Amino acid sequence: QVQLVESGGGLVQTGGSLRLSCAASGRTFSTYTMAWFRQAPGKEREFVAAITWTGSTTYYADSVKGRFTISRDNAKNTVALQMSSLKPEDTALYYCAARARRGWGRYDDEYDYWGQGTQVTVSS
């Protein structure tokens, strides 16, 4: 079993930056693909970014490519999402997710463990 706890959300102005962090429990964290998803009010949850267990490969949604960076520290059981050049449309509840299977995915049913989310609000 893996427990995920997100932190770092908040209110920021357009063009600003935030760094989200996800702390994971469990000895097998280092073997999991990790991802960030987000859900805006009235919308479905959508993929943001993913990182393989070695950290050598990352994937991004087109909407955040070049602005967001996902990283992980397996020694500390953490994964981070550095967000810059934030836009009002980035406003959402951001979730950390872990995939206990090989490979990666961009749909939420491809992930096995979820955090409770952290709110990011970008004001215009």
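It should be emphasised that the depicted structure is a prediction, and the values quoted were computed from it without experimental measurement.
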Asker: Would you confirm whether Arg101, through its side chain, and Tyr32, through its main-chain N or O, come within 3.5 Å as a donor-acceptor pair?
Answerer: no

Asker: Indicate the atoms forming the closest heavy-atom contact of Arg67 with Leu86, along with that distance.
Answerer: NH1-CA, 3.9 Å

Asker: Could you pull out all residues at least two apart from Arg106 that satisfy side-chain hydrogen bond (donor to acceptor under 3.5 Å, both in side chains)?
Answerer: none

Asker: Donor-acceptor pairs are to be reported for all side-chain atoms of residues 10-21 against protein atoms at under 3.5 Å, with residues two or more places apart or in another chain.
Answerer:
unit_1, atom_1, unit_2, atom_2, d
Thr14, OG1, Ser123, O, 2.7
Arg19, NH1, Gln82, OE1, 3.3

Asker: Sequence neighbours left out, what pairs pass side-chain hydrogen bond (donor to acceptor under 3.5 Å, both in side chains) with at least one residue falling in residues 69-80?
Answerer: Arg72-Asn74

Asker: Under the side-chain hydrogen bond (donor to acceptor under 3.5 Å, both in side chains) test, which residues partner Glu46, sequence neighbours left out?
Answerer: Arg38

Asker: Taking it one step at a time, do Ile51 and Val79 satisfy side chain to side chain contact (heavy atoms under 4.5 Å, CB included)?
Answerer: CA-CA 9 Å; Ile51 186 166; Val79 61; 4.2 Å; yes

Asker: Going by the rule side-chain hydrogen bond (donor to acceptor under 3.5 Å, both in side chains), which residues pair with Thr58 if we only count those two or more places apart in sequence or in a different chain?
Answerer: none

Asker: With sequence neighbours excluded, what pairs up with Gln119 under the side-chain contact (heavy atoms from CB on, under 4.5 Å) test?
Answerer: Thr91, Leu93, Thr121

Asker: Shortest non-hydrogen contact from Leu4 to Ala98?
Answerer: CD1-N, 3.8 Å

Asker: Of all residues at least two apart in sequence or in a different chain, which pass the salt bridge (charged side-chain N to carboxylate O under 4.0 Å, His left out) check with Lys43?
Answerer: none

Asker: What residues, two or more places apart in sequence or in another chain, satisfy ring-ring contact (aromatic ring centres under 6.0 Å, His included) together with Phe37?
Answerer: Phe47, Tyr111, Trp114

Asker: Considering only Ile, Leu, Val, Met, Phe, Trp and Tyr, and joining two whenever side-chain heavy atoms are under 4.5 Å apart, list the other residues clustered with Val5.
Answerer: none

Asker: Show, in sequence, the C-alpha distance, side-chain angles and deciding distance for Phe29 and Val2, and conclude whether the side chain to side chain contact (heavy atoms under 4.5 Å, CB included) test is met.
Answerer: CA-CA 8 Å; Phe29 168 82; Val2 174; 5.6 Å; no

Asker: Can you tell me if CD on Glu89 sees more than 12 non-hydrogen neighbours from other groups inside 6.0 Å?
Answerer: yes

Asker: Using the test side-chain hydrogen bond (donor to acceptor under 3.5 Å, both in side chains), find all partners of Asp62 that sit at least two apart in sequence or belong to another chain.
Answerer: Lys65

Asker: Grab the two heavy atoms, one from Asp90 and one from Ser85, that are nearest each other, plus how far apart they are.
Answerer: OD2-O, 4.4 Å

Asker: List the residues meeting side-chain contact (heavy atoms from CB on, under 4.5 Å) with Gln39, not counting sequence neighbours, and say none if there are none.
Answerer: Arg45, Tyr95

Asker: When you measure from the side chain of Glu6 to the backbone of Gly117, do you find a donor-acceptor pair of N or O atoms at a distance under 3.5 Å?
Answerer: yes

Asker: With heavy-atom distances below 4.5 Å as the criterion, would you say the side chains of Trp36 and Ile70 are in contact?
Answerer: yes

Asker: Could you tell me if the side chain of Arg99 sits less than 4.5 Å from the side chain of Met34, heavy atoms only?
Answerer: no

Asker: Strictly by ring-ring contact (aromatic ring centres under 6.0 Å, His included), give each pair with a member in residues 48-84 just once, sequence neighbours left out.
Answerer: Tyr59-Trp104

